[in-house]
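Atoms within a ligand are numbered from 1 in the order they appear, just like the ligands themselves. For the numbers below, each heavy atom of this structure counts, side chains included, while hydrogens, waters and symmetry mates do not.
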Amino acid sequence: MTDALTLTNLSGRHGQLQAVKGVSLRLAAKEVLAVIGANGAGKTTLMRMISGLHPAAEGEILLHGAPVTSLPAHARLKAGIALSPEGRRLFGDMTVAENLQIAAENGRKGDWSMATVCDALPQLTALLHRPAGGLSGGQRQAVAIARALISNPSVMLLDEVSLGLSPAAVEGLYQSLETLRGHVTLILVEQDLTRAMAFCSRLICMAEGKLELDGPPATLTRQQITDAYFGIHKAKEPSHA
Ligand code: ATP
């Protein structure tokens with residue numbers, strides 16, 4: 001079966017700095033991937049490269065087998081890649097409904113509409129006519145997720161899902177995200193390792209721009225994850241052969 005998303009030797013730069021270094025990854029449809037890694041590991045740059053907001057210096061991105069590497073962000077949204085970015089980046093002067101409407105108009109046709117998105121994220125219904133700029137962090141994150149969802153993506157990227165939110169807001173968001181399982185291929189950047197491991201079907205860890213670890217959470221030990229997080233490469237046992 002064709003991968004939902006294929007990254008081949010993907011590298012990205014900020015000037016002289018190589019922020020993402022030769023990342024290769026194959027993601028099956030409806031997989032739930034959590035991306036962890038220390039500050040500056042390259043997670044956000046990778047999310048922005050997949051969604052077309054940051055150019056790839058090298059490598060290739062395929063969406064359901066079709067190359068999208070050279071497509072601009074708006075064309076990737078139309079093709080089915082949607083990002084909920086770090087910092088949410090809503091139009092603060094517009095209402096929640098207007099923010100969602102713009103995303104719907106720029107996305108794909110599909111089952112996600114204002115009504116179905118409000119079903120998946122019930123807290124939105126009461127917020128639709130409020131300016132996005134006046135919402136709490138948790139409410140803004142819900143709107144940012146809804147905005148990605150209403151574009152009917154096949155691959156949805158959520159950067160820093162729970163950053164800066166109260167425990168109650170994080171709990172509510174994850175309950176909503178649970179309803180998306182099986183409907184969309186999800187990639188989420190999550191600093192909370194326990195939360196990431198409980199939610200994802202697959203975990204990757206980035207360190208210094210490289211993919212250090214990749215596997216289903218149940219197969220990974222805390223030690224492996226900690227080593228990957230800090231980019232520690234265990235010395236190989238000396239060979240006595
Ligand atoms: P964080 O959790 O802090 O957001 P991250 O894993 O998402 O970290 P990136 O934000 O992708 O990492 O940053 C990767 C590297 O690129 C870091 O060294 C960072 O300082 C650098 N970087 C990120 N954005 C820029 C930029 N706009 N200009 C220059 N360097 C940047």
> Quick one: are Leu177 and Val32 in side-chain contact, heavy atoms under 4.5 Å?
Replying inline: no
>> Counting non-hydrogen protein atoms only, what is the nearest one to atom 12 (O) of ligand 1? Give residue, atom name and distance.
In response: Gly42 N, 3.1 Å
>> Counting non-hydrogen protein atoms only, what is the nearest one to atom 14 (C) of ligand 1? Give residue, atom name and distance.
In response: Gly40 O, 3.4 Å
> Do NZ/NE/NH1/NH2 and the carboxylate oxygens of Lys21 and Glu58 come within less than 4.0 Å?
Replying inline: no
> Is Asp214 salt-bridged to Arg202, cutoff N-O under 4.0 Å?
Replying inline: yes
> What residue and atom, counting heavy atoms only, is the protein's closest point to atom 26 (C) of ligand 1, and at what distance?
Replying inline: His14 ND1, 3.5 Å
> What atoms in ligand 1 come closer than 4.0 Å to a heavy atom of Ala19?
Replying inline: 14 (C), 15 (C), 16 (O)
> Shared ILVMFWY cluster between Met114 and Leu77, side chains joined below 4.5 angstrom?
Replying inline: no
>> Restricting to non-hydrogen atoms, name the atom on Met47 and the atom on Val189 that form the minimum distance, rounded to 0.1 Å.
In response: CG-CG2, 3.7 Å
> Quick one: side-chain contact (heavy atoms from CB on, under 4.5 Å) partners of Ala148, sequence neighbours excluded?
Replying inline: Ala82, Ser84, Met156
> Out of Thr44, Leu163, Asn39, Val35, whose heavy atom is nearest to atom 7 (O) of ligand 1?
Replying inline: Thr44
>> Walk me through whether Leu128 and Leu100 qualify under side chain to side chain contact (heavy atoms under 4.5 Å, CB included).
In response: CA-CA 9 Å; Leu128 284 176; Leu100 298 182; 4.2 Å; yes
> Looking only at protein heavy atoms, which one is nearest to atom 9 (P) of ligand 1, and how far off is it?
Replying inline: Thr45 OG1, 3.6 Å
> Is Leu17 close to ligand 1, meaning an N/O of one under 3.5 Å from an N/O of the other?
Replying inline: no
> Do Ser113 and Thr116 have a side chain donor and acceptor closer than 3.5 Å?
Replying inline: yes
> Short list, please: which atoms of ligand 1 are under 4.0 Å from a heavy atom of Ala41?
Replying inline: 5 (P), 6 (O), 12 (O)
> Got a sec, which residues hit ring-ring contact (aromatic ring centres under 6.0 Å, His included) with Phe199, two or more places apart in sequence or on another chain?
Replying inline: Tyr174
>> Quick check on contacts: which atoms of ligand 1 are under 4.0 angstrom from a heavy atom of Ala38?
In response: 6 (O)
>> Within the 4.0 Å heavy-atom shell around Glu160, which atoms of ligand 1 are there?
In response: 2 (O)
>> Within the 4.0 Å heavy-atom shell around Lys43, which atoms of ligand 1 are there?
In response: 2 (O), 5 (P), 6 (O), 7 (O), 8 (O), 11 (O), 12 (O)
>> At less than 4.0 angstrom from any non-hydrogen atom of Gln191, what atoms of ligand 1 do you find?
In response: 2 (O)
>> Less than 4.0 Å is my threshold; does some heavy atom of Met206 fall inside it relative to ligand 1?
In response: no
> Starting from atom 4 (O) of ligand 1, which protein heavy atom do you reach first, and at what distance in Å?
Replying inline: Glu86 OE2, 3.5 Å
